[in-house]
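So the structure is just underneath, and the comments pick up after that.
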Amino acid sequence: MAGPTTDARIYLLAAGERQVAPGGPAVVGPDGVREEIPVAVFEAVRQVVEVLRAGMAVKVSPLRPELPIDEAADAIGMAPDDLRAYAAEGAIPFRSSESVHWVRLAELVAWDNDRRARRAEGIQAMLDEDPWDAPDEDRPRP
């Protein structure tokens with residue numbers, strides 16, 4: 001079995017994901033009381049349990065639906081200046097109020113997931129390429 005993931009994740013439930021299904025995932029307290037939870041909440045709890053069992057710590061913090069750009073950058077593990085640059089080029093929508101740029105959390109998470117997926121695809125494409133520095137069969141080796 002692989003070890004727990006050490007990457008930070010933001011779990012954000014859309015309106016339809018907040019529903020519970022009878023007989024679905026649940027948390028059961030020491031008193032035997034069962035509380036049904038949404039599937040995405042179960043995934044978050046599972047990650048917390050795996051990390052704690054591995055002897056690591058977990059930080060759980062609520063995030064508002066809209067964040068100042070500095071907090072938004074911190075939430076996704078990016079330097080604030082980098083996120084500002086992406087926002088300035090139009091990669092992520094934002095709104096300004098006096099001296100603060102605000103980013104919607106749902107849009108930030110979607111953008112960051114897409115950015116990470118594109119980066120992973122690019123890395124995989126490079127790994128799948130023939131090595132550029134493979135020895136040339138026609139050239140004598142030193």
Side-chain angles (χ1 to χ4, degrees), residues 1-139 141:
M1 177 169 113
T5 180
T6 57
D7 64 326
R9 293 189 186 172
I10 297 174
Y11 291 93
L12 178 65
L13 304 182
E17 296 174 315
R18 296 180 193 147
Q19 306 301 318
V20 296
V27 174
V28 180
D31 57 358
V33 174
R34 175 184 165 93
E35 182 175 342
E36 293 176 345
I37 59 175
V39 173
V41 172
F42 175 77
E43 293 302 325
V45 170
R46 179 185 290 175
Q47 182 183 5
V48 168
V49 170
E50 287 175 359
V51 169
L52 292 173
R53 282 185 177 155
M56 294 184 279
V58 173
K59 177 183 177 183
V60 177
S61 7
L63 297 171
R64 297 176 300 226
E66 191 173 49
L67 300 169
I69 205 155
D70 288 357
E71 288 180 37
D74 185 51
I76 62 170
M78 178 179 281
D81 288 342
D82 291 342
L83 187 56
R84 278 191 198 88
Y86 282 115
E89 71 183 23
I92 183 164
F94 69 95
R95 72 173 180 85
S96 294
S97 67
E98 292 188 27
S99 61
V100 178
H101 296 313
W102 295 86
V103 178
R104 290 172 138 334
L105 183 59
E107 292 172 347
L108 175 72
V109 169
W111 172 80
D112 189 48
N113 288 341
D114 182 59
R115 180 181 67 91
R116 289 174 187 268
R118 282 184 283 119
R119 182 174 58 199
E121 288 170 4
I123 291 170
Q124 190 59 53
M126 286 191 297
L127 291 172
D128 291 344
E129 289 178 357
D130 290 331
W132 62 270
D133 59 349
D136 187 0
E137 298 299 323
D138 298 334
R139 203 172 63 199
R141 294 183 185 203

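What you find for Q19 and A15 is that their closest heavy atoms are NE2-O, 3.9 Å. Taking both residues in full, the closest heavy atoms of P38 and E17 are given as CB-O, 3.2 Å, listed atom of the first, atom of the second, then distance. Here the shortest heavy-atom pairing between A72 and L67 reads CA-CD1, 3.9 Å. Between I76 and R116, the shortest heavy-atom distance links the atoms O-NH2, 3.1 Å. Minimum heavy-atom separation, P80 to A73: CA-CB, 3.6 Å.
Distance check: F42 CZ to Y11 OH gives 11.0 Å after rounding to the nearest 0.5 Å. With rounding to the nearest 0.5 Å, the separation of CE in M126 from CD in E121 is 12.5 Å. Summarising the geometry, atom CG belonging to L63 is positioned 5.5 Å from atom CG belonging to L105; distances are rounded to the nearest 0.5 Å.
Ion pairing between R9 and E43 fails under the 4.0 Å rule for side-chain N and carboxylate O.
Applying the 6.0 Å contact sphere to CZ of R104 captures no more than 12 heavy atoms from other residues, nucleotides or ligands. Few gaps surround CD on E89; more than 12 heavy atoms of other groups in view lie less than 6.0 Å from it. No more than 12 heavy atoms of other residues, nucleotides or ligands shown are found within 6.0 angstrom of CZ on R53.
Put simply, the side chain of W102 reaches to within 4.5 Å of the side chain of P68, judged on heavy atoms. Using a 4.5 Å heavy-atom threshold, the side chains of D70 and H101 count as separate. Looking only at side-chain heavy atoms (C-beta outward), W111 and V103 stay at 4.5 Å or farther from each other. In this structure, L108 and L83 have side chains that are in contact, with non-hydrogen atoms separated by less than 4.5 Å.
Checking side-chain atoms of R18 against main-chain N and O of L13 turns up a donor-acceptor pair under 3.5 Å.
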